[in-house]
Number of protein chains: 2
Amino acid sequence: MADKPRRPDLAAMLAPLLRELIAAEEPVLAAHEVSMWGYVVLSALDAAPMRTQAALAATIGADKTRIIRDLDELQQRGLIERRPDPDDRRVRLLAITEAGRAVKNAVQAEIQRGEEHWLGVLDAEERRTFLRVLSRLSAGEPT
Amino acid sequence: MADKPRRPDLAAMLAPLLRELIAAEEPVLAAHEVSMWGYVVLSALDAAPMRTQAALAATIGADKTRIIRDLDELQQRGLIERRPDPDDRRVRLLAITEAGRAVKNAVQAEIQRGEEHWLGVLDAEERRTFLRVLSRLSAGEPT
DNA sequence: TATTGTTATACTCTATAACTATA
DNA sequence: TATAGTTATAGAGTATAACAATA
């Protein structure tokens, strides 16, 4: 029996697209002297402050040990706050600062302007549907 | 002035989704004893045979040096053909075999069945638009 | 001299394990 | 003893450079 016609796998389509998007982000991040993870941290803390570094790491899908350097640098530059919880001095309360929010917003605005290179080829309905579906799939649907 | 409401970056939405998709692929690939790159190679050679390993590497976005082990293994298992071009014995003509195509199709069918976990939450119109847009963006639009 | 494929080396990124300080 | 954070180590994956064969 003949093979059914197949579409490409989702991962096979997503991977090269993501690679290109990341490559386009790199000069923007470099211009603002923020690392990729640093930017992810700023975005996460902009959405909500965190009570522990482990929780932040879990939220952004990183290992808790590999964001420490980024937290050090972000804190040193005054882009985040990171102070021991008086109630439990083991934990570090994390929050974005106004300066951090300004950097994050500037970077994000530039990145999204760059993304028009891709989104610009879509018509209004495609764009709306694509972004909506993507945000739904990315969030992780209920099991 | 107040900040405009922003959507998340494309990369920020694509990255976690891709991570989940890859995690879902791994057991399937393991069951068929094919590496991720091996599967990518089979898919590329299924679409079109290649005249050089460098061309194949470029097509799949890999370094030419890092697919050699995979080519070795695929050839040894009879999943691809890899023979010197009589006209230029430096180059290796690459093609998928029938056995290779069978493995690739089996893996792909399982992977796409697994992807229904994500696509299944979409309605017909969302699904159609999403897949169409993705394939267009992934291909890389004309500059 | 240039090119294909290969091997060897170095580098980056990530994960694992061990340590400290608090509880 | 258990947990949050940190540091040190090791491992995987990738890129860079050198090499052999052929043109």
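Chain letters run A, B, ... following the sequence lines, proteins first, then strands; residues in each count from 1.
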Counting side-chain heavy atoms from C-beta on, which of [options] comes nearest to [X]?
X: A:R92; options: C:dT14, D:dT6, C:dG5; result: D:dT6
X: A:V91; options: C:dT22, D:dA4, C:dT6; result: D:dA4
X: A:R66; options: C:dG5, D:dT7, C:dA15; result: C:dA15

Do A:Q53 and A:R92 get their side chains close enough for a donor-acceptor pair, meaning under 3.5 Å?
->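 A:R92 and A:Q53 do not have a side-chain donor-acceptor pair below 3.5 Å.
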
Name the nucleic acid region contacted by A:R69, choosing base, sugar-phosphate or nothing; use a 4.0 angstrom heavy-atom cut-off, strictly under.
-> nothing

With a 4.0 Å cut-off on heavy atoms, is B:D63 in touch with a base, just the backbone sugar-phosphate, or nothing at all?
->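 Base contact.
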
So, is [X] close to the [N] phosphate, meaning a side-chain N or O under 4.0 Å from OP1 or OP2?
X: B:W37; N: D:dT14; value: yes
X: A:R51; N: D:dT3; value: no
X: B:R82; N: C:dT6; value: yes

Has A:R83 got more than 12 heavy atoms of other residues, nucleotides or ligands less than 6.0 Å from its CZ?
->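 No, CZ of A:R83 has 12 or fewer neighbouring heavy atoms, counting only those of other groups under 6.0 Å.
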
Does B:L71 or A:K64 map to a spot on DNA chain C nearer the 5' end, using the closest nucleotide for each?
->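 It is B:L71, whose closest nucleotide lies nearer the 5' terminus.
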
By nearest-heavy-atom nucleotide on DNA chain C, the more 5' of A:D88 and B:T52 is B:T52

Spacing between [X] atom [atom1] and [N] atom [atom2], to the nearest angstrom:
X: A:D87; N: C:dT22; atom1: CG; atom2: P; value: 15 Å
X: B:D85; N: D:dA21; atom1: CG; atom2: C1'; value: 15 Å
X: B:R83; N: C:dG5; atom1: CZ; atom2: P; value: 14 Å
X: A:I60; N: C:dT14; atom1: CD1; atom2: P; value: 11 Å
X: A:R19; N: D:dG13; atom1: CZ; atom2: C1'; value: 14 Å
X: A:E26; N: C:dT12; atom1: CD; atom2: C1'; value: 13 Å
X: A:M36; N: C:dT14; atom1: CE; atom2: P; value: 10 Å
X: B:I68; N: C:dT7; atom1: CD1; atom2: C1'; value: 8 Å

What is the distance from atom CE of B:M13 to atom CZ of B:R7, rounded to the nearest 0.5 Å?
->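 The CZ atom of B:R7 is 6.0 Å from CE of B:M13, to the nearest 0.5 Å.
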
Spell out yes or no: do the side chain of B:R90 and the base of C:dT3 have one donor N/O and one acceptor N/O closer than 3.5 Å?
-> yes

Evaluate the side-chain contact (heavy atoms from CB on, under 4.5 Å) criterion for residues A:V28 and A:V34: first the C-alpha distance (whole Å), next the side-chain angles of each, then the deciding distance (0.1 Å), finally the verdict.
-> CA-CA 9 Å; A:V28 177; A:V34 183; over 6 Å; no

Heavy atoms, side chains only, cut-off 4.5 Å: are B:S43 and B:K104 in contact?
->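 A side-chain contact under 4.5 Å exists here.
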
Starting from the 5' end of DNA chain D, give me the residue, B:P86 or A:L94, whose nearest nucleotide shows up first.
-> A:L94

